[in-house]
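Report on one structure; see the data block that follows.
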Amino acid sequence: MSQTPPPASASVRLARERLARHGAPFLWSEAARRMAERLPLLRLSPELALDVGCAWGDGLALLRAQYPRARLLGAEPSPGLAARARREQGGGWLRRLRAGGLTEVVQAELQAPPVEQGAAQLVWSNLALGWCPEPGTLFAAWNRVLRPDGVLMFTTFGPDTLRELRDPELADLGMAAAQWPDMHDLGDLLVEQGFASPVMDMELLRLRWADADAALRELAQLGRPPHVAARTGLRTPRHWRRLLEVLQARAAASPHGQVELSFELVYGHAFKPATSRAEAGVASIGLEQIGGRGRARTPG
């Protein structure tokens, strides 16, 4: 399937290329691990599973553990990350023989998965949604490559992510934390793009670092989508030093003496209904297809 990527694709490739300089950060790997724990609930036996935004390739290993006979295809905009993921999936003919199914990694845009329409039974994407300024664009593209009754499964960040960095004092220094959509809005958007019975939930993770410099280094390793506006203040050494001082002072005043940051980790999965009308973004499904699946839920 050939599609012309939008102009923003080049800047996304460049921004993600910077991530190839280091290994996968803890939070990225942890989000993938937690999402993989939910795979057995889907009762799938996919012939083809697509990992969109596969980055360092950890998700492909998790998918292989769950689906040893499936063909796995990782799609990554960054050439450097795609190369790292490809090396990670290597290991010689004996490893490939024992793994069973074929694993491939290709360089491809997030909104242009490199498979034919209706070819995949599973689309998996870990923390890639925020790299597109319009999530609906990705949902529509991912819907097109899924088979009827195929499943989309993804993680992203929610609005409480980095809430410790959203205050006037840090804003005056030029700190601008990214804004993330509410999970209920994402559920509505999934329905608009032709998915059926989306299920959304979240959990709040609080990570701690020994000092402010370590915390900000790990944030940098997660990357910053190019469409997220960055203020100019933190580009000066003086503002940057002041930011470190403020975060360090807050850590010293806390009971644990460490820098603590919150991450709202949002999980979503939805089904492509077995109807041709879903291709136009309108899902017409019978009661037998719904099967009691909840539309959206928030953990109590």
Task: Full working for salt bridge (Lys or Arg N to Asp or Glu O under 4.0 Å) between R13 and E17 - done: CA-CA 6 Å; R13 276 197 305 275; E17 187 71 5; over 6 Å; no
Task: Stepwise side-chain contact (heavy atoms from CB on, under 4.5 Å) test for V123 and K272 - done: CA-CA 11 Å; V123 171; K272 179 173 180 175; over 6 Å; no
- [ ] Run the numbers on M200 and H184 for side-chain contact (heavy atoms from CB on, under 4.5 Å), then give the verdict.
- [x] CA-CA 7 Å; M200 307 294 303; H184 297 96; over 6 Å; no
TODO: Kindly determine whether R16 and E76 satisfy salt bridge (Lys or Arg N to Asp or Glu O under 4.0 Å), including the steps that lead there.
DONE: CA-CA 9 Å; R16 289 179 70 89; E76 170 53 49; 2.7 Å; yes
Open item on the list: Pair R242, E245 - check salt bridge (Lys or Arg N to Asp or Glu O under 4.0 Å), show working.
Closed with: CA-CA 5 Å; R242 180 56 185 155; E245 290 170 0; 3.3 Å; yes
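Applying the side chain to side chain contact (heavy atoms under 4.5 Å, CB included) test between M183 and each of V266, T156, D188 identifies V266 as the sole match.
One hydrophobic cluster holds both L216 and F26 under the rule that ILVMFWY side chains link at heavy-atom gaps under 4.5 Å.
Between F157 and F263, the angle of the ring planes lies from 30° to 60°, which puts this pair in the tilted group. Relative ring orientation between W142 and F154 is described as tilted, the plane-to-plane angle lying within the 30° to 60° band.
Looking only at atom types and distance, the side chain of E264 has no donor-acceptor partner in the side chain of W180 under 3.5 Å away. Defined by atom type and a distance below 3.5 Å, a donor-acceptor pair is missing between the side-chain atoms of D160 and S262.
Between L122 and L63, the shortest heavy-atom distance links the atoms CD2-CD2, 3.9 Å.
R33 and E37 are joined by a salt bridge, as a carboxylate oxygen and a charged side-chain nitrogen come within less than 4.0 angstrom of each other. Between R250 and E260, no side-chain nitrogen of the basic residue sits less than 4.0 Å from a carboxylate oxygen of the acidic one, so the salt-bridge criterion is not met.
Heavy atoms from other residues, nucleotides or ligands lying under 6.0 Å from CD of E104 number more than 12.
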